[in-house]
Number of protein chains: 2
Amino acid sequence: MSLTLDPHAMGWLIRKLESITPLSDLDRRAIESLSVSIRRFEPRQDIVRDQDRPSQCCLVLQGWVHRYKLLDEGRRQIVSFHVPGDMPDLQSLHLRVMDHSVATLTACTLAFIPHEHVRDLLLRFPSLSEAMWRDTLIDAAIFREWLTGVGRRSSHARIAHLFCEMYVKLEAVGLAKDHRCSWPLTQGDLADALGLSNVHVNRVLQDLRGQGLITLRGGMLTFEDWPALSRLAEFDPTYLHLDRREAA
Amino acid sequence: MSLTLDPHAMGWLIRKLESITPLSDLDRRAIESLSVSIRRFEPRQDIVRDQDRPSQCCLVLQGWVHRYKLLDEGRRQIVSFHVPGDMPDLQSLHLRVMDHSVATLTACTLAFIPHEHVRDLLLRFPSLSEAMWRDTLIDAAIFREWLTGVGRRSSHARIAHLFCEMYVKLEAVGLAKDHRCSWPLTQGDLADALGLSNVHVNRVLQDLRGQGLITLRGGMLTFEDWPALSRLAEFDPTYLHLDRREAA
DNA sequence: CGCCTAGTTGACCAGGTTCAACAACGGTGG
DNA sequence: CCACCGTTGTTGAACCTGGTCAACTAGGCG
């Protein structure tokens, strides 16, 4: 649990930031020089809780993480999913009190970086400050898209949309290709993210499978017909604000 | 339309930022020294459109503004409402392409500040950079709360929650008190913000009026029973991250 | 006065929820 | 190796919140 230098761990963060903005060699080296402490977590374990005042940020190295809010009578709203490279509570840097919880979905490896170190880094490297601010802005853009989905999209489109979104995010950091990716969410998780009941999620999934759009089995998701699915979802990845220089 | 120095205009921004974080004299004077161009807008006029690449940020000086996304078949999702002191497209500073539109709700007065001036200001005053980053993070926190509402709250609670939220925001910049505030939204706007139909909004409003919780007439909203309404809404203002030093 | 927008009402309808029971799966311990 | 158990997934039936459509009313403004 001591602070260690682990350039391999920081590689995830570099790759993630480079998926949304260009970094200089200097930036990369600055990130690599961060001391972090690495911790393993069980599946479904809280990392930070609503009302906490964290003094460090976490970086996902392995596994999936989610953020959620709890309401009365056990109602839960999941507000985001995170994969390696993401810093799910970067915001705690400037928002003292947590207004939601962060927890693992699968078994995870996380790196923790004290706020002071991050603050120091950002003061010394304004370009990194910009990159991380940008990251939190993309986070917000995804919230807007989810809000739009829950507010105005059919249950079919909502589920399809989340599939597309996560695939594109995973692909951007090299964790998915060929329209296949791992899918560790339960139907209950999906329901709580999309404002549906788990029964209904189950029925829509069967329908999407029946239409030959996806295969979902054993924690693996395959897009059998990406064009049809993304059309059904009205999926337009602009809101993810990826920096696709290679696509030019 | 020329750039002018207008400390009075910038007063709104100062008041807004001070509602969420302390500012130094230096910070305040730096903001006041910004050159801005002031423009008036008609009600329901677009300010920035989806897919645009704005080169300036706007600051609301008068009136209400909203942000929205358009889907097929005329479906609309409103993702936020903004009041004087807010900078609804501050994010465009780091997100080149708009993923939604910004438009007025009422007649408005807006100040425009070129991105370069803002960038320059933030580089010279890291504390302002922090304050504005924090502002965008609170923006995101509000998205999360809306998402939770649309996903998991009843229509009654959703409407009540929005009433509470806007009142607290207005009160924080001195635009509301005594549980009364102006309310320029149509029932259709409310519906598109909350993922409901306007017919249903109409019925819920009548119900809230019937229960003696609110009065809503002639663009004026009165909370007749704040405790009951905020309880119904499960409203907890933590997510607004206001800096309530005076409340200590 | 007349027009346009916003608000209101009723009747009908449907997407999605709830409840309850059961099946499939994976991991654990005997 | 198998029996057991908890979790996740699946199914059916009844129900209900909220949507749709269509008509009508009330204000606000030129």
Side-chain angles (χ1 to χ4, degrees), chain A residues 42-45 64 66 71-78 103-107 149-160 182-210 214-221 232, chain B residues 42-45 64 66 71-78 103-107 149-162 182-210 214-221 232:
Chain A
E42 302 288 300
R44 318 236 153 225
Q45 194 181 344
W64 284 41
H66 69 299
L71 282 76
D72 288 350
E73 299 152 40
R75 283 170 300 156
R76 173 178 68 149
Q77 177 69 44
I78 294 178
T104 62
L105 233 21
T106 64
V150 178
R152 286 295 180 234
R153 273 193 254 266
S154 73
S155 55
H156 280 71
R158 258 183 259 181
I159 293 183
S182 91
W183 193 264
L185 304 194
T186 68
Q187 296 181 356
D189 295 330
L190 217 36
D192 283 342
L194 301 173
L196 297 168
S197 68
N198 44 11
V199 173
H200 197 63
V201 166
N202 181 279
R203 290 180 171 132
V204 173
L205 284 179
Q206 288 180 54
D207 199 39
L208 293 178
R209 281 190 273 241
I214 57 158
T215 303
L216 177 53
R217 217 180 37 230
M220 203 70 187
L221 170 64
L232 166 64
Chain B
E42 302 289 298
R44 318 239 152 222
Q45 193 181 345
W64 285 39
H66 68 301
L71 282 75
D72 288 351
E73 299 152 39
R75 284 169 301 157
R76 174 178 68 148
Q77 176 69 44
I78 294 178
T104 62
L105 234 21
T106 64
V150 177
R152 289 292 181 236
R153 274 194 253 265
S154 72
S155 54
H156 281 70
R158 260 182 258 181
I159 292 183
H161 200 278
L162 183 62
S182 92
W183 193 264
L185 304 194
T186 68
Q187 295 182 357
D189 295 329
L190 216 37
D192 283 342
L194 301 174
L196 298 167
S197 70
N198 44 12
V199 173
H200 197 63
V201 166
N202 181 280
R203 291 183 168 130
V204 173
L205 285 179
Q206 287 180 54
D207 199 39
L208 294 177
R209 280 190 273 241
I214 56 158
T215 303
L216 176 54
R217 218 180 34 231
M220 205 67 186
L221 170 65
L232 167 63

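In what follows, every chain begins at residue 1, and chains take the letters A, B, ... in the order their sequences are listed.
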Only residue of A:Leu185, A:Leu205, A:Leu208 satisfying side chain to side chain contact (heavy atoms under 4.5 Å, CB included) with A:Leu216 is A:Leu205
Considering all heavy atoms of both residues, which atom of A:Arg75 and which atom of B:Arg152 are nearest to each other, and what is their separation?
NH1-O, 2.8 Å
In whole Å, what is the span from the CZ atom of B:Arg152 to the P atom of C:dT17?
7 Å
Using chain A heavy atoms and a threshold of under 4.0 Å, write down where along DNA chain D the contacts begin and end, 5' to 3'.
D:dT8 to D:dA13
Euclidean distance, B:Arg153 CZ relative to A:Leu71 CG, rounded to 0.5 Å
5.0 Å
Quick one: B:Gln187 CD to C:dT9 P, roughly how many Å, whole number?
10 Å
Could you tell me whether B:Gly218 contacts a base, only the sugar-phosphate backbone, or nothing, with contacts defined as non-hydrogen atoms closer than 4.0 Å?
nothing
Starting from the 5' end of DNA chain C, give me the residue, A:Arg153 or B:Val199, whose nearest nucleotide shows up first.
B:Val199
Nearest-angstrom distance from the residue atom CG of A:Leu190 to P of C:dG16
14 Å
Rounded to whole Å, CD of A:Glu73 lies from C1' of C:dT18 at a distance of 14 Å
Output, in order, the C-alpha distance, side-chain angles, deciding distance and verdict of side chain to side chain contact (heavy atoms under 4.5 Å, CB included) for A:Asp189 and A:Leu105.
CA-CA 9 Å; A:Asp189 295 330; A:Leu105 233 21; 3.9 Å; yes
How far apart are the C-alpha atoms of A:Met220 and A:Thr215, what are their side-chain angles, what is the distance that settles it, and do they pass the side chain to side chain contact (heavy atoms under 4.5 Å, CB included) test?
CA-CA 8 Å; A:Met220 203 70 187; A:Thr215 303; over 6 Å; no
For the student: nearest non-hydrogen atoms of A:Ser155 and A:His200, plus distance:
OG-NE2, 3.1 Å
How is B:Arg209 classified with respect to the nucleic acid when contacts are heavy atoms under 4.0 Å: base, sugar-phosphate, or nothing?
sugar-phosphate
May I ask you to list the residues of residues 200-208 of chain B, by number, that have any heavy atom positioned under 4.0 Å from an atom of DNA chain C?
B:Asn202, B:Arg203, B:Gln206
Taking side chain to side chain contact (heavy atoms under 4.5 Å, CB included) as the criterion, tell me which of B:Asp192, B:Leu194, B:Leu190 meets it with B:Ile78.
B:Asp192
When the distance from CD1 of B:Ile159 to P of C:dG7 is rounded to whole Å, what number comes out?
12 Å
If you assign each of A:Asn198 and B:Thr186 to its closest nucleotide in DNA chain C, which residue comes earlier from the 5' end?
B:Thr186
For A:Gly219, which contact category applies under a 4.0 Å heavy-atom criterion: base, sugar-phosphate, or nothing?
nothing
A:Arg158 CZ to A:Leu232 CG distance, which is reported to the nearest 0.5 Å:
12.5 Å
Nearest heavy-atom contact between B:Arg76 and B:Arg44 is NH1-NH1, 4.5 Å
